[in-house]
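Right, one structure below, let's go through it.
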Amino acid sequence: QVQLVETGGGLVQAGDSLSLSCAASGHSVSYYVMGWFRQPPGKDREFVSAISWNGDTTNYARSVEGRFSVSRDSAKNMIFLQMNKLKAEDTAVYYCAASSTGRATDYYSTSQWYDYWGQGTQVTVSS
């Protein structure tokens, strides 16, 4: 069983940067595809970014491409989401997710592929 805990959320102004972390415990996620999703207020959960378990492949939602960057540190059993040039529309609860399926370069942008989820961290961007 994998437990995921997100940290780093907060209240920032438009144009600022914020870095989210996701710490995994209970099992190594070195061979897991990892993803970030978010749920804006009053909306459905949506894909943000994913990274393959070998770290070579990343994928981003069009709305964040060029502003957000995902990375992983397998030695620390963690993944990160660096968010730059934040906009008011980035306001959401951000979730970390892990998938035990996939090959080294696979990534997933749909939630049904993910087995484990964190509890989420709130990011609020004021305009």
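Everything numeric in this text was worked out from a predicted model, so none of it was measured.
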Item to check | Test item: Glu6 side-chain N/O and Cys96 main-chain N/O as donor-acceptor pair under 3.5 Å | outcome: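 Checked: pair present.
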
Item to check | By side chain to side chain donor-acceptor pair (under 3.5 Å) - contacts of Glu65 (at least two apart) | outcome: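 If we apply the side chain to side chain donor-acceptor pair (under 3.5 Å) test to Glu65, skipping adjacent residues, there are no hits.
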
Checklist entry - Gln112: what forms a side-chain contact (heavy atoms from CB on, under 4.5 Å) with it, not counting sequence neighbours? => result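 Listed in chain order: Thr110.
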
Next on the checklist: Please enumerate all residues that pass side-chain contact (heavy atoms from CB on, under 4.5 Å) together with Glu89, with sequence neighbours excluded.
Outcome noted: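 Counting only residues at least two positions away or on another chain, Glu89 forms a side-chain contact (heavy atoms from CB on, under 4.5 Å) with Lys87.
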
Next on the checklist: The criterion is ring pair (Phe, Tyr, Trp, His ring centres under 6.0 Å); which residues satisfy it with Tyr108, sequence neighbours excluded?
Outcome noted: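 Per chain and number, Tyr108 pairs via ring pair (Phe, Tyr, Trp, His ring centres under 6.0 Å) with Trp113.
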
Checklist entry - In terms of hydrophobic clustering (I, L, V, M, F, W, Y; side-chain heavy atoms under 4.5 Å; direct or indirect links), are Met83 and Phe37 co-clustered? => result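 In one cluster: no.
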
Item to check | Single-linkage hydrophobic cluster Val2~Val5, side-chain heavy atoms < 4.5 angstrom | outcome: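 Shared cluster, no.
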
Item to check | Side-chain heavy-atom pair Gln1, Tyr116 within 4.5 angstrom cut-off | outcome: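 A side-chain contact under 4.5 Å exists here.
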
Checklist entry - Any side-chain heavy atom of Tyr95 within less than 4.5 Å of one from Arg45? => result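 Side chain of Tyr95 against side chain of Arg45, heavy atoms only: contact under 4.5 Å found.
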
For the [atom1] atom of [X] and the [atom2] atom of [Y], what is their distance to the nearest 0.5 Å?
X      : Y      : atom1 : atom2 : answer
Tyr107 : Ser99  : OH    : OG    : 14.0 Å
Cys22  : Trp117 : SG    : CH2   : 11.0 Å
Ser25  : Gln3   : OG    : CD    : 4.5 Å
Tyr60  : Leu81  : OH    : CG    : 7.5 Å

Can you give me every donor-acceptor pair (side chain of residues 27-36, partner residue at least two apart or in another chain, under 3.5 Å) with its distance?
residue: Ser28; atom: OG; partner: Ser30; partner atom: N; Å: 3.2
residue: Ser28; atom: OG; partner: Ser30; partner atom: OG; Å: 2.9

Item to check | Hydrophobic cluster (4.5 angstrom, side-chain heavy atoms) - remaining members for Phe80 | outcome: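 Taking Ile, Leu, Val, Met, Phe, Trp and Tyr as members, Phe80 shares its hydrophobic cluster with Met78.
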
Kindly list each side-chain donor-acceptor pair under 3.5 angstrom involving residues 120-127, sequence neighbours excluded, with atom names and distances?
residue: Thr121; atom: OG1; partner: Gly9; partner atom: N; Å: 3.2
residue: Gln122; atom: NE2; partner: Ala92; partner atom: O; Å: 3.4
residue: Gln122; atom: NE2; partner: Thr124; partner atom: OG1; Å: 3.3
residue: Ser126; atom: OG; partner: Val12; partner atom: O; Å: 3.3

Report all side-chain donor-acceptor pairs from residues 47-59 shorter than 3.5 Å, counting only partners two or more places apart or in another chain.
residue: Ser49; atom: OG; partner: Asn59; partner atom: O; Å: 3.0
residue: Ser52; atom: OG; partner: Asn54; partner atom: OD1; Å: 2.8
residue: Ser52; atom: OG; partner: Gly55; partner atom: N; Å: 3.4
residue: Ser52; atom: OG; partner: Asp56; partner atom: N; Å: 3.3
residue: Ser52; atom: OG; partner: Thr57; partner atom: N; Å: 3.0
residue: Ser52; atom: OG; partner: Thr57; partner atom: O; Å: 3.4
residue: Ser52; atom: OG; partner: Ala104; partner atom: O; Å: 3.3
residue: Trp53; atom: NE1; partner: Gly102; partner atom: O; Å: 3.3
residue: Trp53; atom: NE1; partner: Arg103; partner atom: O; Å: 3.1
residue: Asn54; atom: OD1; partner: Asp56; partner atom: N; Å: 2.9
residue: Asn54; atom: ND2; partner: Asp56; partner atom: OD2; Å: 3.3
residue: Thr57; atom: OG1; partner: Thr105; partner atom: O; Å: 3.3

Next on the checklist: Enumerate the disulfide (SG to SG under 2.5 Å) contacts for residues 27-84, please, sequence neighbours excluded, ordered by first and then second residue.
Outcome noted: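 Every candidate disulfide (SG to SG under 2.5 Å) pair involving residues 27-84 fails, so no pair, neighbours aside, qualifies.
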
Next on the checklist: Under the salt bridge (charged side-chain N to carboxylate O under 4.0 Å, His left out) definition, can you give me all pairs with a residue in residues 110-127, not counting sequence neighbours?
Outcome noted: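 Sorted result for residues 110-127: empty, none.
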
Checklist entry - Which pairs count as salt bridge (charged side-chain N to carboxylate O under 4.0 Å, His left out) when at least one residue sits in residues 29-43, sequence neighbours excluded? => result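 Those involving residues 29-43 are Arg38-Glu46, Arg38-Asp90.
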
Show me, pair by pair, the donor-acceptor contacts under 3.5 angstrom made by side chains of residues 13-21, not counting sequence neighbours?
residue: Asp16; atom: OD2; partner: Gln13; partner atom: N; Å: 3.1
residue: Ser17; atom: OG; partner: Asn84; partner atom: OD1; Å: 2.9

